[in-house]
Amino acid sequence: MDGLSPRPGEDAPALAAGPGRVVGRPVTRIEDLPLVRGEGLFAADVNFPRQLHMRVVRAEIAHGRIVSVDAEAARAMPGVVAVWTAADVADIPLIPFRATKVRGLEPYCQPVLARDRVRYVGEPVAVVFADDAYRAEDAAETVMVELEELPVVLDAAAPPGEFAPGHDTEPTVVRKEYGDIDAAFRSAHAVVELELSVGRHSGVPLETRGAIARYDAAHDVLELHGTAKKQHWNRDEIARLLGRPPQGVHLFEGHVGGGFGVRGELYPEDLLVCAAALRLRRPVKWIEDRREHLVATNHSRQQSHRIRAAVDAEGRLLGIDDAFFHDQGAYVRTHGARVADLAAGMLPGPYRLPAYRVAGHFRLTNKTPAATYRAPGRYETTFVRERLMDAIAARLGIDPVEIRRRNLVAAAEMPHARPLDALGTDVVLDSGDYEGLLDKALARFGWDAMQQELAARRAAGECVGAGLAFFVEKSGLGPSDGVRVTVDATGAVEVVSGAASVGQGVETALAQICAEALGVDYSRIRVVRGRTDRIEFGNGAHASRVTVMSGSATWQAALAVREMALECAAQLLQLSPAELTIREGVVTRADGLAGPSLTLAEIARGRGPNSPAMRGQTPGLTAERWFWSDHMAYPYGVHLAQIRIDAGTGGVTVERYLVANDIGRAINPMLVEGQIVGGLAQGLGGALLEEFRYDPSGQPLSTTLADYLIPTIAEMPEVDVLIAEDAPSPLNPLGVKGAGEGGTNGAGACIASAVDDALRRPGAITSLPVLPAHLRALLTEAP
Amino acid sequence: MKAAPFAYHDPRSVEEALHLLATLENARLLAGGQSLMPMLNMRVAFPDHLIDLNRVEGLAGITAEGGALRIGAMTRQRDIEESPLVRAHLPLMAEALTHVGHRQTRNRGTIGGSLCNLDPSAELVAVATALDAVLDVQGPSGVRDLSIHDLPLGFMTPSLAPEEMLTAIRIPLPPAGHGAAFEEFARRHGDYAITSAAAVLVLEGGRIARASLTLGGVGAGPLRLRTAEAALAGQAPSEALFREAAAACGSIEAMSDPQAPAWYRRRLAATLARRALAAAASRATTPARQGSLA
């Protein structure tokens, strides 16, 4: 069988190593044709006859008691159909969060419209529905919100304040611990202690959010369009919150102009358009504008850590003790305390760590609510952990590369179980050759030769340096995913999955996997994703899970269809299935000798519902398979950077950058490289440019793309990507690990390390983003 | 981000535009729209009337007039950047334009729009100041000359009467062989500069005959460093001289915001001024003679 090698004791054979017919090859994306032709379907492209436009009236102060909301003038404006305030949606419960072990978060969830208080600038207070987007905005301007200002909490590390009577602004502390941490510090040769912080930034997709709801009264179905990421959970919750059966609600995904964790969560606006479509009996459209996006869509990242490490005389870690403050913003959103939990669970990264204690203070502030953003909890803790490794190296006078070598978990120690959990699963590093990848990366970057070159440039007066950061990612969050593969009577192949696509190439990757297993042309496979009306269950697209989970389910379902087709063909051709194979959709002799053949279309027709042969059997050339996983797969990698600081301006130029990432198996190396480079752009943004800033009263200062600085092509360095496949995951038949977040993960840590090196001041960088004014000040103080 | 209601006017001549401007209440002129359109859509600007200049005849174009270049107010930034006349005679402007937004915005953005928007960090305002531009300002009673140095009244406020419009910019040509350089620091390429410096040097007999040094982004309008210019005159160009001249930036009044406090702007100014002077000197050729467009 092409590209397959049987593995004993498993239902489906594993994907063989090396490039297959189509898997492992950089084939072009099947989803691109409509996009390059301008035929894409983004949220704003969705329109229905008689639709209304919704405009949200948002809080203009960071914390206040609502005295009154006067919408009389707005109701009288031309084209206005309705204006709602909290009283109109009092029957809609607070927006819930997904499964978490953390208790006590419920009172901190967000109402769809602010009830008695506003808690951040941008919080929805009222909504206007009008026949035109301009008129809706005109009317929204006239809604008068009277507020009595309350004191603001803006620093998550400051003592907690009051969220509501009886609830302070620290709903929980995420605690994890193993080993004898106190003994580790007692016996330490040295203790290294740091205070570090990561700024508030987030995913800012090119396409802002959008939601278009339509009630199909003829079929009693509520439809929501413009969705992303997490359709099935959102469908179930929308149904529950609006008091409808889930079968009477369907979500649809068109194209998504970037997800990054922030798109596709259940936000107030999604429920508002749904409720309005039901009540007003007209389709309702809402498209977020950029200013709204920057205050209303999830923020992320902001944490400050007080971390200390106990090490022996050789720099080996004995224990890490960390206390951090997680700035959650004004409400608990759909992720609950997930980011703080991930930060606590993933902080140890690639290092052998005998004892560990962490306390993550999950704090609410009067800022935009926060949740996941590409490499959530890991971008932050990789920064913290790798700063710590650099500090240990400096303290003990050990080379930064060497200090990492001494602490990396060895290949022979894999799988490596830590007495820790993250995302509700035990952390078991499934496979890896960390030091092997470090060596490959250093060699590819020319690390040693570069050091000499940098020394020469420094001698000539330049301010240049290099840095590195090692990271461990996580991917393939279970527990389950199902995929149905069907060959119809014309031979067309359809893969129906509960996954979603946020633009990352899901359709192509699933089509490649299906094609490899089934023996058909990948480019002609239709992949259905992101819609609840075609498959009862799905987990969407997040946490670098799709290729691992949906990919494995696709592989199994396609192999099942293959087996079914070969068995049918074997009977008709009077050969054994083992003597047959499928090439380009045609069943032929595997040995290549001439002989009778059958197309998949012919076999599918033979298995049609009216075929006498199918009497008493489930008809169709189709199979649904489920893939389960109790543990995550852990990709890993190294970031290496060479940078230059302009001593006159403090400006940083990233001259060269390498991301080495072992993802077990690259289904499509071109897509993987795209994921890594795109992810890196976002990581560099958080390292050098992006920050949501607030003034002392809680007014957001980064409300346009002229103030919130996303890197452009001019700021991107030359990036080299080393995709390694040395440590396939033993947890799935494809050996894959997720590739979505490794490009982002190590960027902040790596830039900080390189900037320190250029400044010749170990430990100089303690916060992100690294700002030119700060560097200019450091350079002035420099000896 | 949908603009509030306004009435749209589409005049075809300067006279018609001026008439509308004089008769309509709370009217704004629309040039390239690269700042005004976002301001409208963000409801930061609320004009009752928008007078679109894009179809007005005769407002765009670059011509040589005696010892000056005349650039129509509606000339697109990209056309100026590409103009052989500008490249040959006003290399400072051509260089500065590469920092103005992005090619796409320069295709629409105009020089008149940039000068009248008067952003403190706008490159074209700094360049016009460095080159002693004279503006043609037209109103109901005719055209008047306005020195660029008299344009800024305050933060983003040009000294134009409500019924007046800018129709052209005249820039006296620096002598052939002059050296010019534009330096700026922005967080990203294409952003408004935090601080910029524009330098023009005319050398004669190995010495600086004339110097022009302008800072952008430090105050409400561009800042000509006249004292430094005077100190440079008559001296032989050298790194030490430029360092000393740039040191004057250490005591200027500078704006302050959390990203770029005043001290930082002053240091940027000193660095950029020194670099601009050094680059200008390296580009100047002696002996210089009066420029001519013949």
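Residue numbers start from 1 in every chain, and the chains themselves are labelled A, B, ... in the order their sequence lines are given, proteins ahead of strands.
- In this structure His53(A) satisfies the ring-ring contact (aromatic ring centres under 6.0 Å, His included) test with no other residue, sequence neighbours excluded.
- Under a cut-off of 6.0 angstrom, the local environment of CD in Gln699(A) is crowded, with over 12 non-hydrogen atoms contributed by other residues, nucleotides or ligands.
- Counting heavy-atom neighbours within 6.0 Å of Glu82(B) CD, excluding the residue itself, gives a total above 12.
- In this structure, Gln259(B) CD and Leu701(A) CG are separated by 9.0 Å, a value rounded to the nearest 0.5 Å.
- In the displayed structure, Arg226(B) atom CZ is contacted under 6.0 Å by more than 12 heavy atoms of other residues, nucleotides or ligands.
- Residue with the most contacts toward chain A among Arg265(B), Met42(B), Arg274(B): Met42(B) (heavy-atom pairs, distance under 4.5 Å).
- By a heavy-atom distance cut of under 4.5 Å, Ala133(A), Tyr134(A) are the residues of residues 123-135 of chain A near chain B, going up by number.
- Listed by sequence position, Phe185(B), Arg187(B), Arg188(B), His189(B), Asp191(B) are the residues of residues 183-193 of chain B in contact with chain A, using a 4.5 angstrom heavy-atom cutoff.
- Under the 4.5 Å side-chain criterion, counting only non-hydrogen atoms from C-beta, Arg275(B) is in contact with Thr649(A).
- The candidate with the highest count of non-hydrogen atom pairs below 4.5 Å against chain B, out of Ile287(A), Ile713(A), Val652(A), Ile710(A), is Ile710(A).
- Residue Asp138(A) comes nearest to Ala4(B) through the heavy atom pair OD1-CA, 4.0 Å, listed as atom of the first residue, atom of the second, then distance.
- The minimum heavy-atom distance linking Glu137(A) with Lys2(B) is given by the pair OE1-N, 2.9 Å.
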Contacts table for residues 685-693 of chain A: side-chain donor-acceptor under 3.5 angstrom, sequence neighbours left out:
from      : atom 1 : to        : atom 2 : distance (Å)
Glu690(A) : OE1    : Tyr708(A) : OH     : 2.5

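- Note that CG of Asn41(B) is 14.0 Å distant from CZ of Arg290(A), once rounded to the nearest 0.5 Å.
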| said: Quick one, Leu779(A) with Arg267(B), criterion side chain to side chain contact (heavy atoms under 4.5 Å, CB included). Give me CA distance, side-chain angles, the key distance, then yes/no. | reply: CA-CA 12 Å; Leu779(A) 285 159; Arg267(B) 284 191 184 147; over 6 Å; no

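- For chain B, the nearby part of Asp646(A) is the side chain; its heavy atoms alone come within less than 4.5 Å.
- Using modelled atom types, no side-chain atom of Tyr264(B) and backbone atom of His774(A) make a donor-acceptor pair closer than 3.5 Å.
- Among the candidates Ala714(A), Ala773(A), Gly648(A), the residue making the largest number of heavy-atom pairs closer than 4.5 Å to chain B is Ala773(A).
- Neither the backbone nor the side chain of Glu292(A) comes within contact range of chain B; no heavy atom of the residue lies under 4.5 Å from a heavy atom of that chain.
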